[in-house]
Amino acid sequence: MGLFRKRKTRATRRAEAKALKHKAKVEAKLGARNDRKKMRTEAKSAKKVEKAQLATLKAQEKAATRGKLSVGQIRKYLGIARLLTPVLAPLVYRGATMLRAQLDQQRANKMGIAPEELGTYTGHGAHLSARIAGAERSANAIATQYPDPETTRFTGAVLGRLAELSTAVRASEQMPVQRRRAAHHAISAELDGVEADLLARLGVR
């Protein structure tokens with residue numbers, strides 16, 4: 001719930017917070033769609049190289065099974081393997097690296113943080129911890145920008161509530177799945193109100 005009641009009602013603040021979350025989801029969905037296209041292209045390239053290598057290995061196995069693998073054939077296959085290895089290895093490594101980077105980017109976009117911050121937020125409540133950290137940064141920025149007593153009381157109350165929510169997120173990590181989901185839902189609803197209050201304080205309507 002919100003910490004302070006200003007000119008707008010709680011329903012209005014919730015609607016604004018919901019609209020912002022919906023916009024973020026749409027942007028993340030579009031970004032994920034583009035990422036999937038890139039991943040499919042990389043996968044096709046890697047598959048072609050893997051197919052060529054597989055065909056070579058099958059030919060080797062077939063020749064060996066028939067007992068007709070000559071010295072010349074062995075040298076031929078070894079030569080092909082030596083040619084494919086330097087080509088295949090960088091492609092596989094690059095594909096794996098790009099895939100990991102894209103997955104990290106998608107996770108970071110969903111959490112509203114930079115990819116390099118992913119290691120900071122772990123556990124089942126990582127997305128909530130990231131939201132709390134973002135709200136704390138906003139509250140501190142408001143306190144710095146508007147150092148009047150009323151704003152100081154407001155940001156102090158917000159930061160206190162965020163500290164409580166952060167503790168709740170950590171406590172929920174050890175809960176059974178159903179209880180943890182219920183706790184996360186309640187924490188998320190509280191954050192909606194806090195974020196709406198911060199936006200209202202910044203004049204975002």
Just jot down the side-chain hydrogen bond (donor to acceptor under 3.5 Å, both in side chains) partners of Ser138, sequence neighbours excluded, or say none. none
Can you get from Val158 to Leu202 by hopping between Ile, Leu, Val, Met, Phe, Trp and Tyr side chains that sit under 4.5 Å apart? yes
Once side-chain hydrogen bond (donor to acceptor under 3.5 Å, both in side chains) is applied, do any residues pair with Arg181, and if so which ones, sequence neighbours excluded? none
Contacts of type side chain to side chain contact (heavy atoms under 4.5 Å, CB included), residue Ala143, not counting sequence neighbours: Thr155
Tell me if a side-chain donor or acceptor on Thr144 pairs with a main-chain N or O of Asn140 at a distance below 3.5 Å. yes
NE2-CZ distance between His185 and Arg180, expressed to the nearest 0.5 angstrom: 16.0 Å
Among all residues two or more places apart in sequence or in another chain, which pass the side-chain hydrogen bond (donor to acceptor under 3.5 Å, both in side chains) test with Thr152? none
Hey, are the side chains of Phe154 and Leu159 touching, using non-hydrogen atoms and a 4.5 Å cut-off? no
side-chain hydrogen bond (donor to acceptor under 3.5 Å, both in side chains) partners for Glu173, two or more places apart: none
Hey, are His184 and Ser172 close enough side-chain-wise for a donor-acceptor pair under 3.5 Å? yes
Correct closest heavy-atom pair for Gly125 and Val169 would be O-CG1, 3.7 Å
How about Leu165 and Arg161: do any of their side-chain heavy atoms sit closer than 4.5 Å? yes
Quick one: side chain to side chain contact (heavy atoms under 4.5 Å, CB included) partners of Ala168, sequence neighbours excluded? Ile187
Give a yes or no on whether a salt bridge exists between Glu136 and Arg131, defined as a side-chain N under 4.0 angstrom from a carboxylate O. no
Output for pair (Leu162 CG, Glu190 CD), nearest 0.5 Å, gives 10.0 Å
Nearest 0.5 Å, please: how far is CZ in Arg201 from CG in Leu198? 9.5 Å
NE2-CD1 distance between His127 and Ile132, expressed to the nearest 0.5 angstrom: 9.5 Å
Any carboxylate oxygen within less than 4.0 angstrom of a Lys/Arg side-chain nitrogen, looking at Arg153 and Asp148? no
